[in-house]
Asker: 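Please read through the structure below; I'll follow up with questions.
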Amino acid sequence: MAEVLVYVDHADGAVRKPTLELLTLARRLGEPVAVALGNGAAATAGVLAEHGAARVLTHEAAEYADYLVVPKVDALQAAAAQVSPAAVLVPSSTEGKEIAARLALRLGSGILTDAVDLEASEAGPVATQSVFAAAYTTRSRVSRGTPVITVKPNSAAVEAAPAAGAVEALSVSFSEQATGTKVTGRTPRESTGRPELTEAAIVVSGGRGVNGAENFALIEALADSLGAAVGASRAAVDAGWYPHTNQVGQTGKSVSPQLYVASGISGAIQHRAGMQTSKTIVAVNKDAEAPIFDLVDYGVVGDLFDVVPQLTEEINTRKG
């Protein structure tokens, strides 16, 4: 059976959910071989084996933390040379897409980014993507070299599939470029206790209709009742009502949760491009002609200041 390399996104050995989703998709294409790098790499083996990794290639070195993405590209190139995989899968984060692009260039291969589904074919992996601001869905495959594919979070359900998970040391020789850009400092992100926006299974977003930074407390309360992340439209962000790090849209973050709740968002194409692949979309807007209603699975025509508190109260009551 062909082997498929899966780049492991982890924090000191704690594997992030998008990597487990990649393992589910990798099993459709062949036998998953995980590549874990940096501090705590060996500690990832247990959970990776539980989710289908037949082998776990590990390499720990200070370069992965002290420098930017090139050391990771060096390691994935070494892994590809060792395994000769049918494909390389990488989480579709900002860093992941840079790693994938550099790797594809080195391998002389094609690259597909932001896939939302993968399937096997005789000619190689076929990726489903949403393109042109999510106006079209395409099915594509790489026709040259080893396919390098980045996959958006929440594109597949995490499925347990116990495998051997044999840990093997990966031999890596860092290139001259690996130490060209050094990390001089880090500032921990202030924790809100909510899920990370791009990985969340549920996202609640507010837009221009929230009408002020102080009113985002309504959006946060609904999000907390659902265990959701909080997003915002560009209009809300540009007005200074919510941080830019929470912007959903073509010029912000792209999300694909199981449930997306849009409150006071008109549904401009810029915003739709960042959330249109959500599995279920619910909108609350007092304008019955708002473009967002052309997209939703469920729509509520009403004032969010009336609807959202009632919805939050009902959810909390049912939970209680």
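Small disclaimer: the values here were computed from a predicted structure and weren't measured.
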Asker: Between Arg16 and Val8, is the side-chain contact (heavy atoms from CB on, under 4.5 Å) condition met? List the steps.
Answerer: CA-CA 8 Å; Arg16 294 190 171 98; Val8 177; over 6 Å; no

Asker: Suppose we screen for salt bridge (Lys or Arg N to Asp or Glu O under 4.0 Å). Which residues come up paired with Arg318, at least two apart in sequence or across chains?
Answerer: Glu314

Asker: Between the side chains of Ser92 and Asp114, is a donor N or O closer than 3.5 angstrom to an acceptor N or O?
Answerer: yes

Asker: Taking all non-hydrogen atoms of both residues, which atom of Ala228 and which atom of Pro195 are closest, and how far apart?
Answerer: O-CD, 3.5 Å

Asker: Find out if a path of hydrophobic residues (ILVMFWY) with successive side-chain heavy-atom gaps under 4.5 Å connects Met275 to Val203.
Answerer: yes

Asker: Side-chain polar contacts of residues 43-53 - donor-acceptor pairs under 3.5 angstrom, sequence neighbours left out - could you list them?
Answerer:
residue, atom, partner, partner atom, Å
Thr44, OG1, Ala41, O, 2.6
His51, ND1, Val47, O, 2.8

Asker: What side-chain donor-acceptor pairs closer than 3.5 Å can you find for residues 163-176, not counting sequence neighbours?
Answerer:
residue, atom, partner, partner atom, Å
Glu168, OE1, Arg55, NH1, 3.0
Glu168, OE2, Arg55, NH1, 3.4
Ser175, OG, Asp74, OD1, 3.2
Ser175, OG, Asp74, OD2, 3.0
Ser175, OG, Gln177, OE1, 3.3

Asker: Quick one, Thr277 and Lys152 - any side-chain contact, counting heavy atoms below 4.5 Å?
Answerer: yes

Asker: Applying side-chain contact (heavy atoms from CB on, under 4.5 Å), run through Thr24 and Leu22 and close with a yes or a no.
Answerer: CA-CA 5 Å; Thr24 297; Leu22 289 187; over 6 Å; no

Asker: Please find the pair of heavy atoms, one from Asn316 and one from Ser225, that lie closest to each other, and give the distance.
Answerer: OD1-CB, 3.3 Å

Asker: To the nearest 0.5 Å, what is the distance between OG (Ser266) and CG (Asp287)?
Answerer: 8.5 Å

Asker: Is it possible for you to say whether Val151 and Val142 belong to one hydrophobic cluster, with membership spreading through side-chain heavy-atom contacts below 4.5 Å?
Answerer: yes

Asker: On a heavy-atom basis, which atom in Gly299 and which in Phe293 lie closest, and how many Å separate them?
Answerer: CA-CE2, 3.6 Å

Asker: Decide whether Gln247 and Arg234 meet the rule of one side-chain donor and one side-chain acceptor closer than 3.5 Å.
Answerer: no

Asker: Indicate every side-chain donor-acceptor pair of residues 130-139 with a distance under 3.5 Å to a residue at least two apart or in another chain.
Answerer:
residue, atom, partner, partner atom, Å
Arg139, NH2, Glu119, OE1, 3.0
Arg139, NH2, Glu119, OE2, 2.9

Asker: Hey, does Leu118 have a side-chain heavy atom less than 4.5 Å from the side chain of Ile149?
Answerer: yes

Asker: Quick one: hydrophobic cluster around Trp241, which other residues, with the 4.5 Å side-chain cut-off, linked directly or via members?
Answerer: Ile202, Val204, Val210, Phe216, Leu218, Ile219, Leu222, Leu226, Val230, Tyr242, Leu259, Val261, Val282, Val284, Tyr298, Val300, Leu304, Phe305, Val307, Val308, Leu311, Ile315

Asker: With no hydrogens and no angle check, just 3.5 Å: does a side-chain donor-acceptor pair link Thr181 and Tyr67?
Answerer: no

Asker: Where the side chain of Lys253 meets the backbone of Thr245, is there a donor-acceptor pair that is under 3.5 Å apart?
Answerer: yes

Asker: Got a donor-acceptor contact below 3.5 angstrom from the Gln129 side chain to the Leu112 backbone?
Answerer: no

Asker: Quick check: closest heavy atoms across Glu3 and Val33, and the distance to 0.1 Å?
Answerer: OE2-CG2, 3.6 Å

Asker: How long is the straight-line distance from CG of Leu68 back to OG1 of Thr179, given to the nearest 0.5 Å?
Answerer: 11.5 Å

Asker: Please check this pair: side chain of Gln310 against backbone of Asp306, looking for a donor-acceptor N/O pair closer than 3.5 Å.
Answerer: yes

Asker: Does Arg27 form a salt bridge (charged side-chain N to carboxylate O under 4.0 Å, His left out) with Glu159? I'd like the steps, not just the answer.
Answerer: CA-CA 10 Å; Arg27 294 199 303 273; Glu159 298 175 1; 3.6 Å; yes

Asker: Return the minimal non-hydrogen interatomic distance between Ala127 and Ala115, and the atom names on each side.
Answerer: CB-CB, 4.0 Å

Asker: Given side chains that start at C-beta, do those of Lys72 and Glu95 come closer than 4.5 Å, heavy atoms only?
Answerer: yes

Asker: Is there a donor-acceptor pair closer than 3.5 Å between any side-chain N or O of Thr317 and the backbone N or O of Glu313?
Answerer: yes

Asker: Can you tell me how far apart CZ (Arg208) and CG (Asn285) are? Round to the nearest 0.5 Å.
Answerer: 11.5 Å

Asker: Dump the intermediate steps for side-chain contact (heavy atoms from CB on, under 4.5 Å) on Ser155 and Asp117, then the final yes or no.
Answerer: CA-CA 6 Å; Ser155 293; Asp117 197 13; over 6 Å; no

Asker: Are Val148 and Val69 connected into the same hydrophobic cluster when the rule is that any two of I, L, V, M, F, W, Y join if their side-chain heavy atoms are below 4.5 Å apart?
Answerer: yes

Asker: Would you give the length of the straight line joining atom CG of Leu25 to atom CG of Leu20, rounded to the nearest 0.5 angstrom?
Answerer: 11.5 Å

Asker: Is there side-chain contact between Leu103 and Tyr7, with at least one heavy-atom pair below 4.5 Å?
Answerer: no

Asker: Give the other cluster members for Val116, using side-chain heavy-atom distances under 4.5 Å between Ile, Leu, Val, Met, Phe, Trp and Tyr residues; answer none if it is isolated.
Answerer: none

Asker: Taking all heavy atoms of Val4 and all of Pro85, pick out the closest pair and write down the distance.
Answerer: CA-CB, 4.4 Å

Asker: Side chains of Ser278 and Ser256, heavy atoms from C-beta outward: is any pair under 4.5 Å?
Answerer: no

Asker: Do Ile269 and Leu295 belong together in a cluster built from hydrophobic side chains that touch within less than 4.5 Å?
Answerer: no

Asker: With a 4.5 Å cut-off on side-chain heavy atoms, are Pro125 and Leu29 touching?
Answerer: yes

Asker: Measuring from atom CD of Glu220 to atom OG1 of Thr192, what distance do you get when rounded to the nearest 0.5 angstrom?
Answerer: 8.5 Å

Asker: Do Leu197 and Val255 have side chains that get closer than 4.5 Å, going by heavy atoms?
Answerer: yes

Asker: Kindly work out whether a path of hydrophobic side-chain contacts (I/L/V/M/F/W/Y, heavy atoms less than 4.5 Å apart) joins Leu76 to Leu105.
Answerer: no

Asker: Could you walk me through whether His59 and Tyr64 pass side-chain contact (heavy atoms from CB on, under 4.5 Å), step by step?
Answerer: CA-CA 10 Å; His59 188 256; Tyr64 298 119; 2.8 Å; yes

Asker: Just wondering, do Val83 and Leu57 contact through their side chains at under 4.5 Å, heavy atoms?
Answerer: yes

Asker: Calculate, to the nearest 0.5 Å, the distance between atoms OG and CD belonging to Ser233 and Gln270 respectively.
Answerer: 8.5 Å

Asker: Between Asp303 and Lys286, is the closest basic N to carboxylate O distance under 4.0 Å?
Answerer: no

Asker: Tell me whether Lys17 is salt-bridged to Glu196, with the criterion being a basic N under 4.0 Å from an acidic carboxylate O.
Answerer: no

